[in-house]
Structures are given as structure tokens and as C-alpha cells.
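Read through the structure below, which is laid out as C-alpha cells, and then see the notes.
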Amino acid sequence: MADVADLFRRLTAGVHVVGVADGGRRNAFTAAWIMQVSFDPLLLALSVNPGHASHPLLVRGGGFTVNVLSRDQLRLARHFGLESGRDTDKLAGVPWRPARHGAPILMEAIAWIECRLTVQPIRAGDHEIVIASPIAGEILSPEAVPLTYADTGELDGSRELYPPSL
Ligand SMILES: Cc1cc2nc3c(=O)[nH]c(=O)nc-3n(C[C@H](O)[C@H](O)[C@H](O)COP(=O)(O)O)c2cc1C
């Protein structure tokens, strides 16, 4: 039987920085668990840990931005994914601008999508799934190749969270 962490890392996923805002408060975190889940209407799903500093801003703000990273932006994945906005202002020193509803758009992202939540978050084990409608977006670097979760290796330190076998 395959190692479960190795097995699950073969499920391809991109790497993104999710921006959130509630009133004047903003934050952002790295997220691989984002996918399109419907064509009509067009919908995205994001799985978010309810313990993250970003979680209350996302739910109260009613939406988020998805900032797509390129293959050479591992440093941004690390910056937004290994520290919490509870301890530091992760957006300080990173060029960004607010989307229509205030969530940050990273100027260095290769593309961004602004989304609004459509239903209440759904509990999924130790995470919550939020489903959202895209309302705006832009490709900023048409030639750039998106970063994949497999490219990040053990960056998120998640190996120990997988069961030893299925
Ligand atoms: C490569 C990578 C992928 C991640 N994917 C997710 C994800 O899909 N969902 C999630 O809730 N956290 C994910 N994380 C963890 C958060 O980015 C991390 O815990 C972050 O520090 C939370 O920030 P916050 O407390 O400022 O909201 C990921 C981290 C990394 C490094």
C-alpha cells in the first residue's frame, strides 16, 4: 500500500493566496484546496481551516479573492502559508490592492478571481467548505505557469496529518 501523503499529493491542485477582508481588516493565506465545482452557475469551492485567522474575516466579509501563484513564487506560498495573520501583518511589504469588496489582490499574482459566498460554510471534518460565485477576475501574466501543490513538497508540514494507511 502506498504512503498516504505521497498518494494524496498526486491529486493535482494549484497553489493560491486567498485574500479576505471584513470592514477595514484584511488578511491572506495560502490555499491548495480550491476547485471549480459547477459550470452553470459558475461556482468555486474552497476548503478552509476554521482555526485560521482568515476564517472569521472570510465568513463575515462574505467572500474572498483567489490569487494564483506561478511556479517561481514558492516564497509567496511560504510567506502566506507558514505564518498566521494573528501574529504578523502578512500584507505589509507585499504589493496589493483591494478588490471590489475589499479583499486583497496581490499585484504579483499571475491571475486573480474575486468570489462571493453563496451558502453557509459546510463542515467537512477538520475544515469547512465554502462555495462561492466568481464576480470578477483578470489574468495578469498570460505566459506564466501555475505553481502546483506537488511543487511545494513538504512546505505545509502536513505529512504527519495523514493516516499511516487507508
Ligand atoms: C502549500 C500550502 C497549502 C495550503 N493549503 C491550505 C488550504 O487549502 N486550506 C487551508 O485552510 N489552509 C491551507 N494552508 C495552511 C494556511 O495557509 C496556513 O495555516 C496559514 O498560516 C493560515 O493563515 P492565517 O491564520 O493568517 O489565516 C496551506 C499552506 C501551505 C503552505
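Values reported hereafter were calculated over all heavy atoms of this structure, with side chains retained and with hydrogens, waters and symmetry mates removed. Model, not experiment: these values are computed from the prediction.
Of all non-hydrogen atoms in Ile129 and Ala124, the two that sit nearest each other are CD1-CB, 3.8 Å. Minimum heavy-atom separation, Ala13 to Ala32: CB-O, 3.5 Å. When all heavy atoms of Pro50 and Arg123 are compared, the pair lying nearest together is CG-NH1, 3.6 Å. Taking all atoms of both residues into account, the shortest heavy-atom contact from Asn67 to Gly19 is ND2-N, 4.1 Å. Residues Phe64 and Leu117 come closest through the heavy atom pair CE2-CD2, 3.8 Å. Taking both residues in full, the closest heavy atoms of Gly81 and Thr30 are given as N-OG1, 3.0 Å, listed atom of the first, atom of the second, then distance.
For Ser141 (side chain) and Ile110 (main-chain N/O), no donor-acceptor pair under 3.5 Å exists by modelled atom type. Not a single donor-acceptor pair under 3.5 Å links the side chain of Thr65 to the backbone N or O of Ile105. Of the possible polar contacts, none joining the Thr152 side chain to the Leu155 backbone as a donor-acceptor pair under 3.5 Å is found.
Applying the side chain to side chain donor-acceptor pair (under 3.5 Å) test to pairs two or more places apart or on separate chains, those with a residue in residues 38-59 are Asn27-Ser54, His55-Glu128. Applying the ring pair (Phe, Tyr, Trp, His ring centres under 6.0 Å) test to residues at least two apart or on different chains, the pairs with a partner in residues 113-166 are Phe8-Tyr162, Trp33-His127. Within the structure, the salt bridge (charged side-chain N to carboxylate O under 4.0 Å, His left out) test picks out no pair touching residues 111-120 (sequence neighbours left out). Residue pairs meeting the side chain to side chain donor-acceptor pair (under 3.5 Å) criterion with at least one member in residues 15-26, sequence neighbours excluded: Asp22-Arg60. Evaluation of the side chain to side chain donor-acceptor pair (under 3.5 Å) test over residues 1-12, restricted to residues two or more places apart or in two chains, returns Asp3-Arg159, Asp6-Arg159, Arg9-Glu154, Arg9-Ser158. Sorted by first and then second residue, the ring pair (Phe, Tyr, Trp, His ring centres under 6.0 Å) pairs with a member in residues 83-125 form an empty list; sequence neighbours excluded.
Leu74 and Leu76 fall within the same hydrophobic cluster, where Ile, Leu, Val, Met, Phe, Trp and Tyr residues are linked whenever their side-chain heavy atoms come under 4.5 Å apart, directly or through other members. One hydrophobic cluster, built from ILVMFWY side chains closer than 4.5 Å, holds both Leu82 and Leu69. If you chain together hydrophobic residues whose side chains sit under 4.5 Å apart, Val20 and Phe80 never meet in one group. A chain of hydrophobic side-chain contacts below 4.5 Å, direct or via other Ile, Leu, Val, Met, Phe, Trp or Tyr residues, connects Val94 to Val17.
Residues Leu58 and Val130 have side chains in contact (heavy-atom distance under 4.5 Å, counting atoms from C-beta outward). Side chains of Val145 and Ser70 form no contact here, defined as non-hydrogen atoms less than 4.5 Å apart.
Checked against side chain to side chain contact (heavy atoms under 4.5 Å, CB included), Ala31 has the following partners two or more places apart in sequence or in another chain: Val18, Phe29, Ile34, Leu46. Under the rule for a side chain to side chain contact (heavy atoms under 4.5 Å, CB included), Glu143 has no partner lying at least two apart in sequence or in another chain. The salt bridge (charged side-chain N to carboxylate O under 4.0 Å, His left out) search around Glu138 returns Arg97, not counting sequence neighbours. Arg75 meets the salt bridge (charged side-chain N to carboxylate O under 4.0 Å, His left out) test with Glu108; sequence neighbours excluded. Residues meeting the side chain to side chain contact (heavy atoms under 4.5 Å, CB included) test with Val37, sequence neighbours left out: Met35, Leu43, Ala45. Scored by the side chain to side chain contact (heavy atoms under 4.5 Å, CB included) test, Leu42 finds Gln36, Pro134 as partners (sequence neighbours excluded).
Atom-to-atom distance recorded for Asp156:CG and Arg78:CZ is 12.0 Å, nearest 0.5 angstrom.
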Quick one, Asp87 with Ser84, criterion side chain to side chain donor-acceptor pair (under 3.5 Å). Give me CA distance, side-chain angles, the key distance, then yes/no. CA-CA 6 Å; Asp87 311 316; Ser84 175; 4.6 Å; no
Could you walk me through whether Val4 and Leu166 pass the side-chain contact (heavy atoms from CB on, under 4.5 Å) check? CA-CA 7 Å; Val4 181; Leu166 295 180; 3.9 Å; yes
Pair Leu106-Leu91, side-chain contact (heavy atoms from CB on, under 4.5 Å): steps then yes or no: CA-CA 9 Å; Leu106 301 191; Leu91 289 161; 4.2 Å; yes
Kindly determine whether Ile113 and Val68 satisfy side-chain contact (heavy atoms from CB on, under 4.5 Å), including the steps that lead there. CA-CA 9 Å; Ile113 303 169; Val68 183; 5.7 Å; no
Derivation of the side-chain contact (heavy atoms from CB on, under 4.5 Å) call for Arg100 and Ile135: CA-CA 9 Å; Arg100 196 186 311 169; Ile135 59 163; 4.0 Å; yes
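By the neighbour-count criterion of 12 heavy atoms within 6.0 Å, atom CD1 of Ile139 is sparsely surrounded, having that number or fewer from other residues, nucleotides or ligands.
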